[in-house]
There are 2 protein chains.
Amino acid sequence: MPTPHYGQPRYRVIADALRERIENGGIPAGALLPTESALTAEFRAARGTIRQAIGILREAGWVSTEHGRGSYANPRPPEGGPAESSVVRQRQITADPDLADLFGVAVGTTLDESTSITRAEGAVRSVTRTYQLLSAAAQRGTIGGD
Amino acid sequence: MPTPHYGQPRYRVIADALRERIENGGIPAGALLPTESALTAEFRAARGTIRQAIGILREAGWVSTEHGRGSYANPRPPEGGPAESSVVRQRQITADPDLADLFGVAVGTTLDESTSITRAEGAVRSVTRTYQLLSAAAQRGTIGGD
DNA sequence: AGAAATTTGTCCGTATGTATC
DNA sequence: AGATACATACGGACAAATTTC
């Protein structure tokens, strides 16, 4: 029987398990990850699910994949690199006079605010806030609720 | 006989076709894309392949997807034209609790604030504020901390 | 407010193409 | 050339969010 949980997607759980294994040395840097078949057996998941999990790790820089060979654990996980930036918060705010003036809209107009930080060697180097006018799609819920 | 070509994966071809449709207005900004079912019929591809294609577009910022609703074309494709950004103001501010927390410093610490706007086709597309800690030299004499 | 229909999200199992060893 | 492993693609099933009735 397949496993129909939903709270946390299987591929994310598996990605997390693998990430932890890399972090604590279970999979040494530079070593090949277990083969797809091995992971399929171990996690009782389909290949597609395993591949999705590995895709997450690849995206996040934990592993590198080579066609026909396998996926290697990277020696330098995301941290300690030159400068990593990550979004820490996204929300909607209303334009203060300052922002309203810059955008040329009315004060109180809803804006998208994205806050990201850039880290280098563990320390926060800069905080960047980017404001954008809402997309048309997102505007739906902001005006004229029925 | 599934799995015909390889030179260009199906999902990439489909993603390209959809992207072009958004670019030339076939799918207006803010409008919903055809449903996954409709696209499977149109491109004669499996749903997974369609989802892969849409995933590419989402990754690239062309579309946004909402569970139970659909995927709609974004009004801000990745740089529709020459986007110029210019710094409009630079000043020093004191860290509010929010910024202080992100930087890991005390509230009231002096920060450098740089505000820049990005324009495209005359309109202000985004306002970006970057905060940075002052250099150690500049710190002296700015606040009362000893 | 509740049920049904729609639509996207997740997962499975399988088959086949392509690259590497 | 064969074995191994990743990449692509198909089809089906059920879960969850949204909309519609």
Side-chain angles (χ1 to χ4, degrees), chain A residues 1-18 27 30-74 135-142 144-146, chain B residues 1-18 22 27 30-74:
Chain A
M1 230 47 251
T3 316
H5 341 61
Y6 202 68
Q8 184 86 323
R10 297 266 290 161
Y11 64 83
R12 200 165 286 278
V13 172
I14 294 171
D16 235 48
L18 290 176
I27 301 176
L32 279 170
L33 266 66
T35 68
E36 212 182 60
S37 314
L39 293 174
T40 299
E42 177 179 345
F43 290 101
R44 298 274 205 270
R47 285 184 159 77
T49 306
I50 297 296
R51 267 180 39 73
Q52 249 177 309
I54 293 179
I56 287 181
L57 297 178
R58 183 170 44 238
E59 190 87 4
W62 288 97
V63 305
S64 298
T65 303
E66 285 182 28
H67 193 161
R69 288 208 42 163
S71 293
Y72 298 93
N74 278 336
S135 65
Q139 295 258 4
R140 261 181 294 97
T142 64
D146 57 316
Chain B
M1 297 68 247
T3 330
H5 345 51
Y6 198 70
Q8 184 84 326
R10 297 260 282 153
Y11 67 82
R12 204 167 289 278
V13 173
I14 294 171
D16 235 49
L18 290 176
I22 294 173
I27 300 176
L32 281 169
L33 268 67
T35 68
E36 292 175 357
S37 312
L39 292 174
T40 56
E42 177 179 346
F43 289 101
R44 233 73 109 176
R47 192 172 156 229
T49 306
I50 297 296
R51 286 179 56 75
Q52 245 178 311
I54 292 178
I56 286 182
L57 297 178
R58 184 171 42 238
E59 191 87 4
W62 289 96
V63 306
S64 297
T65 305
E66 286 181 24
H67 191 168
R69 178 179 267 272
S71 294
Y72 41 83
N74 277 337

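The sequence lines fix the lettering, A, B, ..., with proteins before strands; numbering per chain opens at 1.
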Integer-rounded Å distance: [N] [atom2] and [X] [atom1]:
X	N	atom1	atom2	value
B:Arg12	D:dA7	CZ	P	12 Å
B:Glu36	D:dT18	CD	P	15 Å
B:Leu32	C:dT6	CG	C1'	12 Å
A:Ile54	D:dA7	CD1	C1'	12 Å
A:Arg69	D:dA7	CZ	C1'	17 Å
A:Ile50	C:dG13	CD1	C1'	14 Å
B:Glu66	C:dT7	CD	C1'	12 Å
A:Arg47	C:dT14	CZ	C1'	10 Å

Nearest to the [X] side chain among [options], which nucleotide is it?
X	options	result
A:Thr35	C:dG9, D:dA5, C:dC12	D:dA5
A:Ala46	D:dA7, C:dG9, C:dG13	C:dG13
B:His67	C:dT10, C:dG9, C:dT20	C:dG9

So [X], base contact, sugar-phosphate only, or nothing? Heavy-atom distance under 4.0 Å.
X	value
A:Arg51	base
B:Gly70	sugar-phosphate
B:Arg44	sugar-phosphate

Polar contact flag, side-chain donor to acceptor under 3.5 angstrom, B:Thr65-B:Arg58:
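There is such a pair between these side chains.
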If you find the nucleotide of DNA chain C closest to A:Gln52 and the one closest to A:Tyr72, which residue's nucleotide is nearer the 5' end?
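With A:Gln52 and A:Tyr72 compared, the 5'-side residue is A:Gln52.
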Residue-phosphate contact under 4.0 Å: B:Ser37 side-chain N/O, C:dT7 OP1/OP2
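Checking C:dT7 against B:Ser37, no side-chain N or O comes under 4.0 Å of OP1 or OP2.
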If only side-chain N and O atoms of B:Tyr11 are considered, is one of them under 4.0 Å from the OP1 or OP2 phosphate oxygen of D:dA9?
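The answer is no; no side-chain N or O of B:Tyr11 sits under 4.0 Å from OP1 or OP2.
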To the nearest 0.5 Å, what is the distance between [atom1] ([X]) and [atom2] ([Y])?
X	Y	atom1	atom2	value
B:Ile50	B:Thr40	CD1	OG1	6.5 Å
B:Leu57	B:Ser64	CG	OG	11.0 Å
A:Leu33	A:Ile27	CG	CD1	4.0 Å

Shortest non-hydrogen contact from B:Ala73 toward B:Val63:
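So the minimum-distance heavy-atom pair works out to CA-CG1, 4.3 Å.
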